[in-house]
Structures are given as structure tokens and as C-alpha cells.
Amino acid sequence: MNKPIVVVNFKTYESAQGISAENLAKIMSGIHTSARLVAAVSSFDLSSVVKAAPELEVWCQHLDPIAYGSNTGFLHPFTAIERGARGTLINHAEHKVDKGHVSKLMEMLPDEFVVCACAADISEAKILCSFNPSFVAVEPPELIGGDVSVTNVDPSIVSGTVEAVKKISKVGVLCGAGIKNGEDVIKAIELGARGVLLASGVTKSDNPEATLMDLISLIE
Ligand code: G3P
């Protein structure tokens with residue numbers, strides 16, 4: 001049985017950058033749960049977060065399919081791995097890439113490296129599945145950062161993605177946008193998702209630890 005997964009995307013929220021990223025990662029690392037907690041951090045913070053919370057699974061928010069060499073400003077996958085990244089988001093709604101980018105990245109990454117490809121809808125999720133990422137995360141862009149959870153407003157995009165993906169692959173489906181509490185997480189799982197991808201629910205919380213505890217509270 002796969003553990004339900006809760007991925008917290010630190011984005012560039014002030015509460016989740018630099019020292020605050022390390023502190024949030026330490027809080028996540030201290031939580032005892034049967035869920036799989038993951039922090040998707042800024043590339044600037046990757047090394048320091050891995051050092052501050054060595055037990056925590058840490059991902060990047062983006063990578064570029066480039067080799068060592070003359071690639072100014074790009075995010076080099078093998079340096080990320082060397083610095084402790086165990087996975088990455090790709091094609092997030094706030095950092096879209098073309099499908100060739102995803103395909104090339106998948107070809108160069110080692111099998112054990114986790115790739116969560118983000119999709120705006122069911123048809124994009126199906127296309128991304130053809131590259132065989134570890135997960136696709138379906139997130140309606142208009143609900144990202146909002147107060148209402150995709151699981152309440154648009155449950156059919158979650159169940160529809162799960163159904164469509166199951167027909168063509170074994171890729172796990174996550175959902176995101178507006179996820180705030182344990183009920184949203186359980187609803188996602190009931191709809192067939194393997195877990196959730198969220199940001200503001202934690203990064204804007206006055207008490208991130210309490211919010212994280214709530215998020216995992218209904219997971220057995
Ligand atoms: O990557 C997670 C994300 O885009 C959803 O953001 O703030 O709606 O949880 P948020």
C-alpha cells in the first residue's frame with residue numbers, strides 16, 4: 001500500500017525561503033505520520049534544507065534538461081541530486097515548459113528520482129503520463145492560491161484525472177489548489193488521488209505546525 005503523500009511547495013513565499021525554509025523543513029521533519037511528507041524548496045535553499053532536515057524528503061520546484069557546461073542560470077539536474085534533491089516538480093502552472101523539456105528531463109534522470117509533472121487539466125495530465133513521471137499533479141490554475149479546495153469545487157477533475165490516467169499508465173495522481181486541511185486531503189484520497197500538492201495553506205498559516213498536523217490528521 002502506497003503511503004498518502006503530502007507535498008508542500010515552498011514556492012518563493014517569504015515564510016518558506018532562506019532560514020524560514022530551514023525552519024519549516026525542521027517542523028515537517030519532526031511530524032510523526034504514516035503519510036509521506038515532502039518539501040519542494042527553492043534551489044537556493046536545497047542544500048541548507050537538506051542539511052537542516054536530513055530525514056525529510058526534499059524536492060526541487062523545477063529542473064532544466066541540461067548537461068554540465070555553458071548553461072548560465074539553468075538548474076542542472078545532477079547538481080540538484082548531488083545537493084540532496086530526491087525529486088522535482090516540473091511544468092508547474094507558475095513555471096510552464098514545453099513537452100520536449102519534460103521528455104528530455106525524464107530521459108536523463110535516474111529511475112529512482114521522483115518527478116511530479118503538473119497538469120492544468122485531464123488532457124494535459126494524459127499527455128504528461130506518456131513521459132512516465134512518478135506522479136502527475138492536477139491543479140486547476142484558477143484555484144491556485146485561493147481559499148477553496150479543488151476537492152470541493154471541482155472534484156470531477158480529480159476523479160476524472162485518476163480514471164483517465166489509470167487507463168493508460170501506472171502513474172500516481174496528486175491534486176492541488178486551495179488544499180487547506182485534513183478533510184481536503186482525505187477527500188482527495190477518496191477521489192482516488194495518491195495525495196496532495198499544496199502551498200499557501202502551510203506557507204501563509206500563522207501556525208504551520210498545527211496546519212500540517214491538521215492536514216495529516218485523518219490519514220490512518
Ligand atoms: O504547487 C502547489 C500549488 O500550486 C497550489 O497552491 O496555494 O493553492 O495550495 P495553493
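As the structure lists them, so they are numbered: ligands from 1, and atoms in each ligand from 1.
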Inset, instruction - Could I get the full list of side chain to side chain donor-acceptor pair (under 3.5 Å) partners for Ser43, not counting sequence neighbours? - result: none
Legend entry - Those residues that, when tested against Ser159, pass side chain to side chain donor-acceptor pair (under 3.5 Å) (two or more places apart): none
Inset, instruction - Please go through Val114's hydrophobic cluster and name the other residues, only I, L, V, M, F, W, Y counting, with side-chain heavy atoms under 4.5 Å joining them. - result: Ile5, Val7, Val38, Trp59, Leu89, Phe135, Leu174, Leu197
Inset, instruction - Would you please write out the protein residues whose heavy atoms approach any atom of ligand 1 to under 4.0 angstrom, listed by chain and number? - result: Asn9, Lys11, His92, Glu139, Ile144, Gly145, Ala177, Gly178, Leu197, Leu198, Ala199, Ser200
Inset, instruction - For side chain to side chain contact (heavy atoms under 4.5 Å, CB included), just list the numbers for Ile31 and Met213, CA-CA rounded to whole Å, side-chain angles, deciding distance to a tenth of an Å, and then say yes or no. - result: CA-CA 7 Å; Ile31 291 176; Met213 293 302 289; 3.9 Å; yes
Inset, instruction - Indicate yes or no: does Glu14 engage Lys204 in a salt bridge with an N to O separation below 4.0 Å. - result: no
Legend entry - Candidate pair Glu209 and Lys26, rule salt bridge (charged side-chain N to carboxylate O under 4.0 Å, His left out), full reasoning: CA-CA 10 Å; Glu209 184 167 12; Lys26 282 187 208 160; over 6 Å; no
